[in-house]
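First comes the structure, then the notes that go with it.
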Protein chains: 2
Amino acid sequence: MPVPKGSTIDPSRTRAAILETATPVLYERGLDGIGVAELCARLGVSKETLYRHFGTKDGLVQAVLEARSERVTRWLTEAVTAAGQDHADQLTAVFDALQRWYDDPVFRGCAMLNAAAQHHVETVRAITARHLDGYLELLTGIARRAGAADPQALGRQWLMLVEGATVVAAHHDATGAGEHARRAALALLPTTVGPQD
Amino acid sequence: MPVPKGSTIDPSRTRAAILETATPVLYERGLDGIGVAELCARLGVSKETLYRHFGTKDGLVQAVLEARSERVTRWLTEAVTAAGQDHADQLTAVFDALQRWYDDPVFRGCAMLNAAAQHHVETVRAITARHLDGYLELLTGIARRAGAADPQALGRQWLMLVEGATVVAAHHDATGAGEHARRAALALLPTTVGPQD
DNA sequence: CCGAGATCGTACCGATCGGTTCGATCTTGG
DNA sequence: CCAAGATCGAACCGATCGGTACGATCTCGG
């Protein structure tokens, strides 16, 4: 029971608890795969509380997606930072982190892509686009620091490998998807920079 | 009006007409984005007819997805065949065809991936997996004929580029997505074989 | 020319959907 | 100790969902 009756008194605490618990449920079941009633039951929260905090089911969905996008991007960024200065190491850190995600039993593909595929609401699609923006920025940064002739282009190709690996892992075969993508990404690194695989 | 009342008398004709008309509608609106009633109205067909031919909405969905998967895979395969013997040309043909698809105003990403993202039914996921199997087979064939050391691995990396490019084109930016993916794919070709870009 | 059967249009079914309302309960600040 | 307000649980709302039933209409093979 994440929200113990009216004990919290702090609304922002309740909101955060709802957000945190709703995220994995909506990810597992799909945005339209669970109704508000069952969702509230799983959250241990009444409908009135949910609607006061988020106004609409779509409001909750957007809040969940935005929080998740931020969290995932931060997680990947930290993996890169922890990898040190070597650009190949940074790239490897990205795809190793992704592979760890693919191997998680609850892995069901990118939540933002799934959401955009089912919900045709424009705001959801915008969140997904911004999410990919974040990825692109991270990857382009690596490409730029690696001295790529065209960091934008290389970052975009890496983004395709990241998303492609995620799609393949989710819908075809997860074994070694991250490693295959990593090798491909490293092969695109300017050969003048750093040792390769 | 694709099905002119009871004039056809040939049930298989009716079935084919429903399939053909339902495909773009379900692609545009999403599988759960349109109800059976409105769908039938758009098809110019009564509910009874639809249910006699497909039994269930899921039955129609599966038939539509299978037909579309076959059609798309055949389309890509023919593009490769038409490209001649050169492996780089064959690869280029794939990504050029994809770019033409991305530029189509009705492009909304891969229908099979979208379906698998919304519908958690196992049969739909299976159709998607088989669809990716078809792509992988096509790409692995090119890799093998190109003399790749590990055609399976190279085919899989190309598959990631194909799916990644499609995802990026659908949810981020379609301009030049096919070209970027094509350059990356060509860069992964064994340098001993054929001229590159 | 008649009977089989494909189709239509519409009404209908129970279930579920997102969302609202309300009285009761609980916690906390003043 | 009381008023403010956050929360609960359950009832309730109209709309829509997937699916069924039925009588009328149409076409075609025999």
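Below, chains carry the letters A, B, ... as their sequence lines are ordered, and counting in each starts from 1.
Side-chain contact annotation: B:T175 with B:D173, donor-acceptor N/O pair under 3.5 Å present. Counting only N and O atoms by type, the side chains of A:H53 and A:R15 include no donor and acceptor under 3.5 Å apart. Side-chain contact, A:T140 with A:Q152: no donor N or O sits under 3.5 Å from an acceptor N or O. Judged by distance alone, the side chains of B:Q90 and B:R145 do bring a donor and an acceptor atom under 3.5 Å apart.
When the P atom of D:dG18 is taken as reference, atom CZ of B:R52 falls 20 Å away, rounded to whole Å. Atom NE2 in A:H53 sits roughly 13 Å away from atom C1' in D:dC8 (whole-Å rounding). In this entry the distance linking CG of B:L50 with P of C:dG9 reads 14 Å, nearest Å. We find that CD1 of B:I18 is positioned 13 Å from P of C:dA6, with the value rounded to whole Å.
The aromatic rings of B:Y102 and B:F107 sit tilted relative to each other, their planes meeting at an angle between 30° and 60°.
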Close N/O contacts between protein and nucleotides 14-21 of chain C (under 3.5 Å):
| residue | atom | partner | partner atom | Å |
| --- | --- | --- | --- | --- |
| C:dG18 | OP1 | A:K57 | NZ | 2.6 |
| C:dG18 | OP2 | A:V36 | N | 2.7 |
| C:dG19 | OP2 | A:Y51 | OH | 3.1 |
| C:dG19 | OP2 | A:K57 | N | 2.8 |
| C:dG19 | N7 | A:K47 | NZ | 2.6 |
| C:dG19 | O6 | A:K47 | NZ | 2.2 |

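The phosphate of C:dC8 has OP1 or OP2 within less than 4.0 Å of a side-chain N or O from B:T49.
For the pair A:R108 and A:Y27, the cation-pi criterion (under 6.0 Å, within 45° of the ring axis) is not fulfilled.
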